[in-house]
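In each ligand, atom 1 is the first atom listed, and ligand 1 is the first ligand listed. What you see is a predicted model; the values in this text were computed from it and never measured.
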Amino acid sequence: MNDHRRIIVFDTTLRDGEQSPGASMNQAEKLRVATQLETLGVDVIEAGFPAASPGDYEAVKAIADTLKKCQVAALCRAAKNDILRGWDAIKNAAHPRIHTFIATSELHMKYKLQMEPADVLKQAVESVRLAKTLTDNVEFSAEDGSRSDPDFLCTVFESVIEAGATTINLPDTVGYAIPEEFGNLVKYVMENTSNIDQAILSVHCHNDLGLATANTLAAVKNGARQVEVTVNGIGERAGNTSMEEVVMTLNTRPNFFPQTTGIDTTKIYPLSRLVSMITGILVQPNRAIVGANAFAHEAGIHQDGVLKNPMTYEIMKPETVGISTNSLVLGKHSGRHALKAHIQEMGYELSEDEVNLVFKKFKTLADKKKRIQDEDIEALINEGVLRSSEVFTLEYIHVLSGNTVFPTASVQLMINGRPVQGSLEGTGPIDAVYNVISKLTDTKSELLRFTISALTEGTDAQGEVTVRLKEDGIVALGKGSDSDIITASALAYINGLNRLEYLKAHPPKEERLV
Ligand code: KIV
Ligand code: ZN
């Protein structure tokens, strides 16, 4: 890692990314994302904030115990108990890292911490010293660094490096910085922190003004060697710097950026889809790199140019980020082997049992739909594999609906393996189904949002439903897909209820970080 042109990619999808409203993931989901991040080639995974809740601790520990190549970081406030708890979660990791932080801006020190700068400095140094007794790999972050006094920032960085920090991180916590200004601040820190050669300078930007990627790249241009990012740019408020934007900018513009990363770019798109499926946070169609329209050419003159030479309008090839250009794929007569090969080509790593589960669902869908496309297969993976440990599952659903009858639904669910059934009316078929499910599960969630869309073109397309539910102040997203939109709606509702159950058993963090 001593090559100054090699940028260290620190992924915080599982920590800062998980702070996106409604994005909480369960332990199995976090482990799946962590494993794919390792395959993608990120250098460090920030797995969570162990002191925040027992659920966070367990998830961080499971990731630390499993991963072999990646460094696994635990976030801890600059306080003894946080650091000891964080270390306990990651101590068995192949490459553990303690990441401790305290705010250094006047605003945060005066109003949030109610501490004098000298005391903040002392606490930062003591925390790094304590962390250093546990591991050699210690990162220190100066929260709200971009709004801190530059000289105080350099003093803090110099002192924590002296205390043993091997990475110092400069966050633009509230997404306030402007690229030129942030680049200059990084340069200032590089030039005015006397022992900076003994540490790696990192940056962590938020996207409140839509400038997170630009700020991160300005920092790289001025000497930052670690970038903190999330998949799809998810994160608190407007999110964090997006991994795919930074990696693909470095990759696409080597004449401007001599820096490289260890990322296998062909795994970017599958991971983007996975994170979107697991968190329920949709990727906007015009999003750079991973949006549905990122490589779609609509204007005739563009299409003509691309056909003659793709370089006319395409600065990257879709295959470079793992988007399969051959999206019409399988049908009724395709076998398990072909499906398995295609799933792998799409970038998913499933066990044999998981492939069997998806294959079973694939056969059922292929009886109803002639052309099975990548979007269909993804939905089958989501329905068949990514829904482990569910309390409620759907057995059957029968609906009577039309313009001259009262919509009525009969539903059978399994609740912890026990069958229950019931029938009720509603203002429409979905309302009737939701009324029965709510009664059977004895839940009283409020439906905050309901969206439905077609996964592919054609009237035989699968419908995909996303719901946002709220119960007892807890918000969860649910997703479901099926060729029958009433069934898709039921699956989304049940998925949301399962997520609420999980969140009730693993209360969200008492501490929300920025
Ligand atoms: O945005 C921020 O300042 C953070 C720190 C904890 C690194 O997330
Ligand atoms: Zn942050």
Verify whether one side chain among Tyr188 and Asn222 offers a donor that lies under 3.5 Å from an acceptor in the other. no

N/O separation below 3.5 Å, Thr173 to ligand 1: yes

Report yes if Asp144 has an N/O atom closer than 3.5 Å to an N/O atom of ligand 1; otherwise report no. no

Have Glu378 and Tyr348 got a donor and an acceptor in their side chains that come within less than 3.5 Å? yes

Pairing donors with acceptors under 3.5 angstrom, does anything connect the side chains of Glu245 and Thr213? yes

Result for side-chain hydrogen bond (donor to acceptor under 3.5 Å, both in side chains) between His204 and one of Thr216, Asp16, Asn215 points to Asp16

In short, Gly480 meets Leu491 closest at the heavy-atom pair CA-CB, 4.0 Å

Please confirm whether Arg15 comes under 4.0 Å of ligand 1, counting heavy atoms of the residue only. yes

Closest to the Zn ion (ligand 2), which N/O/S atom of Asp16 is it? OD2

Any idea which atoms of ligand 1 are less than 4.0 Å away from a heavy-atom of His206? 1 (O)

Per-atom filter on ligand 1: closer than 4.0 angstrom to a heavy atom of Glu143 are 3 (O)

Taking the N/O/S atoms of His204 one by one, which is nearest to the Zn ion (ligand 2)? NE2

Under a 3.5 Å threshold, yes or no: a donor from one side chain and an acceptor from the other, between Asp144 and Tyr176? no

I'd like to check whether Asp16 has a polar contact with ligand 1, where a contact means an N/O of the residue lying under 3.5 Å from an N/O of the ligand. yes

Do Glu139 and Gln226 get their side chains close enough for a donor-acceptor pair, meaning under 3.5 Å? yes

The Zn ion (ligand 2) to nearest N/O/S of Glu236 below 2.8 Å: no

